[in-house]
Amino acid sequence: MSTVFVAASRLPTPYGTFTMHGFEDEATGKEHLALTMGDFDDGAPVLGRIHSECLTGDALFSIRCDCGAQLEAAMKAVAEEGRGVILYLRQEGRGIGLLNKVRAYELQDEGADTVEANEKLGFAPDLRKYDMCDVMLRHLGITKMRLMTNNPRKVDALKGLDIDIVERVPLQTGQNPHNERYLATKVVKLGHLYNNA
Ligand SMILES: Nc1nc2c(ncn2[C@@H]2O[C@H](COP(=O)(O)OP(=O)(O)OP(=O)(O)O)[C@@H](O)[C@H]2O)c(=O)[nH]1
Ligand SMILES: [Zn+2]
């Protein structure tokens with residue numbers, strides 16, 4: 001496994017103070033983060049989110065997707081429990097990278113949906129990997145999670161890594177007219193569970 005722990009620090013946020021753990025994937029050069037609150041010594045399932053980078057949604061307040069709202073809701077949920085983890089994985093644009101996501105958005109402005117846009121650019125609809133989570137969660141002492149996600153393929157990918165997902169916690173937030181088609185495409189083409197669909 002090529003992901004290694006590098007350093008940890010405090011990270012005060014409007015929702016509370018997390019500990020930020022930095023990891024490096026030596027094979028890809030990607031720098032991933034884990035934010036934690038509380039301790040995990042008792043082995044009880046940990047409320048958590050595995051969030052893929054979305055610079056536009058997470059940092060630029062874009063409401064073209066639901067990522068920023070999901071990240072904020074997950075951080076608040078962890079802070080409310082006083083215990084939990086957010087893995088922030090640097091796989092922008094479902095793994096195609098930031099500028100390819102801008103290309104995909106351009107195609108979507110011309111009528112394609114998110115999956116068609118990826119395909120027109122020569123990419124599979126979702127190129128993300130979750131194997132780095134194994135090292136990151138193990139380093140943090142987490143083996144059981146209550147995972148905040150609407151994506152059953154994410155749950156399956158983690159189960160394949162020997163992480164016990166004891167519960168899927170829906171994370172439905174941030175709907176607006178600009179992301180209506182995006183959310184509908186996730187349900188119809190990518191198998192996301194939304195409004196019990
Ligand atoms: N290629 C591509 N990536 C996108 C697009 N919109 C958002 N993303 C990326 O999609 C990733 C988030 O994936 P989603 O499919 O929204 O959600 P998920 O992580 O699979 O599932 P949840 O846990 O329910 O949020 C982030 O990396 C975003 O940058 C798009 O139109 N095209
Ligand atoms: Zn997004």
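Ligands are counted one by one from 1 in listed order, and the atoms in each one are counted from 1 as well.
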Indicate yes or no: at least one non-hydrogen side-chain atom of L193 is less than 4.5 angstrom from one of R168.
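Yes, side chains in contact.
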With rounding to the nearest 0.5 angstrom, report the CD1 to CD1 distance, I165 to I50.
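Here the interatomic distance stands at 6.0 Å.
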Could you check whether [X] pairs with [Y] (Lys NZ or Arg NE/NH1/NH2 to Asp/Glu carboxylate O, under 4.0 Å)?
{"X": "E53", "Y": "K30", "result": "no"}
{"X": "K186", "Y": "D126", "result": "no"}
{"X": "D42", "Y": "R83", "result": "yes"}

Determine whether Y15 and E72 satisfy the following criterion, side chain to side chain donor-acceptor pair (under 3.5 Å), listing intermediate values before the conclusion.
CA-CA 9 Å; Y15 320 113; E72 184 179 34; 2.7 Å; yes
Which heavy atom in E116 sits nearest to a heavy atom in G111, and how many Å separate them?
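That closest heavy-atom pairing would be OE1-O, 4.4 Å.
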Pairs touching residues 70-91 that satisfy ring-ring contact (aromatic ring centres under 6.0 Å, His included), sequence neighbours left out:
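Counting only pairs at least two positions apart or across chains, the ring-ring contact (aromatic ring centres under 6.0 Å, His included) contacts touching residues 70-91 are H51-Y88.
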Residue by residue, ordered by chain and number, which ones reach under 4.0 Å of ligand 1 with a heavy atom?
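The 4.0 Å shell around ligand 1 contains R49, S52, E53, C54, Q70, Q91, E92, G93, R94, I96, K101, Y105, Q108, T114, N118, R128, T149, N150, N151, K154, Y182, K186, H192.
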If you leave out waters, which protein N, O or S atoms are less than 2.8 Å from the Zn ion (ligand 2)?
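Checking every protein N, O and S atom gives C54 SG, C65 SG, C67 SG.
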Please tabulate, one pair per line, all N/O donor-acceptor pairs under 3.5 Å involving side-chain atoms of residues 34-41, not counting sequence neighbours.
{"from": "T36", "atom 1": "OG1", "to": "H21", "atom 2": "NE2", "distance (Å)": "2.8"}
{"from": "D39", "atom 1": "OD1", "to": "D41", "atom 2": "N", "distance (Å)": "3.3"}

